[in-house]
Amino acid sequence: MNAPAQPRNPLHGLTLEALLTELVSHYGWDGLAERIQLRCFSIEPSIASSLKVLRKTPWAREKVESLYLFMLRERDRAARASRPR
């Protein structure tokens, strides 16, 4: 049976690695550690170590996904505000 399409779900089709990489490029490790208090973001951070933690810790993954959705909304808002009227 095929999974239903999720055209309105911004997380659909994204890997956790892609999501984390984009958050790090947007906020940096310090900004990420500030927003989500996880040792893997503040002490010798790396994508690999963070992925290990996020895959084993559902509440942390939910926080990362929520922050990603927030970042997308911020970008949308900024893009709309900068458009000429």
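Count residues from 1 along the sequence.
- In this structure a side-chain-to-backbone donor-acceptor pair under 3.5 Å is present from Ser49 to Ser46.
- Taking CD1 from Ile36 and CG from Leu23, the interatomic distance works out to 7.0 Å, rounded to the nearest 0.5 Å.
- The residues Glu44 and Arg39 are annotated as not salt-bridged, no charged nitrogen and carboxylate oxygen being separated by less than 4.0 angstrom.
- Here the straight-line distance linking atom CG of Asn9 with atom CG of Leu69 works out to 8.0 Å at 0.5 Å rounding.
- Rounding to the nearest 0.5 Å gives a distance of 9.5 Å between CG of Leu54 and CD1 of Ile47.
- Shown here for Ala60 and Leu38, the closest heavy-atom pair between the two residues is CB-CD1, 3.7 Å.
- A 4.5 Å side-chain heavy-atom check between Glu22 and His26 finds every atom pair outside the cut-off.
- Between Arg61 atom CZ and Leu51 atom CG the span is 9.0 Å, to the nearest 0.5 Å.
- A distance of 10.5 Å separates CE of Met71 from CG of Asp76, quoted to the nearest 0.5 Å.
- Residues Leu20 and Trp59 share a hydrophobic cluster, clusters being chains of Ile/Leu/Val/Met/Phe/Trp/Tyr side chains in contact below 4.5 Å.
- The CG atom of Leu32 sits 7.5 Å away from the OG atom of Ser50 when rounded to the nearest 0.5 Å.
- You'll find the side chain of Arg35 stays beyond 4.5 Å of the side chain of Lys63, heavy atoms only.
- Inter-residue side-chain proximity for Phe41 and Val64 is flagged as met; some heavy-atom pair is nearer than 4.5 Å.
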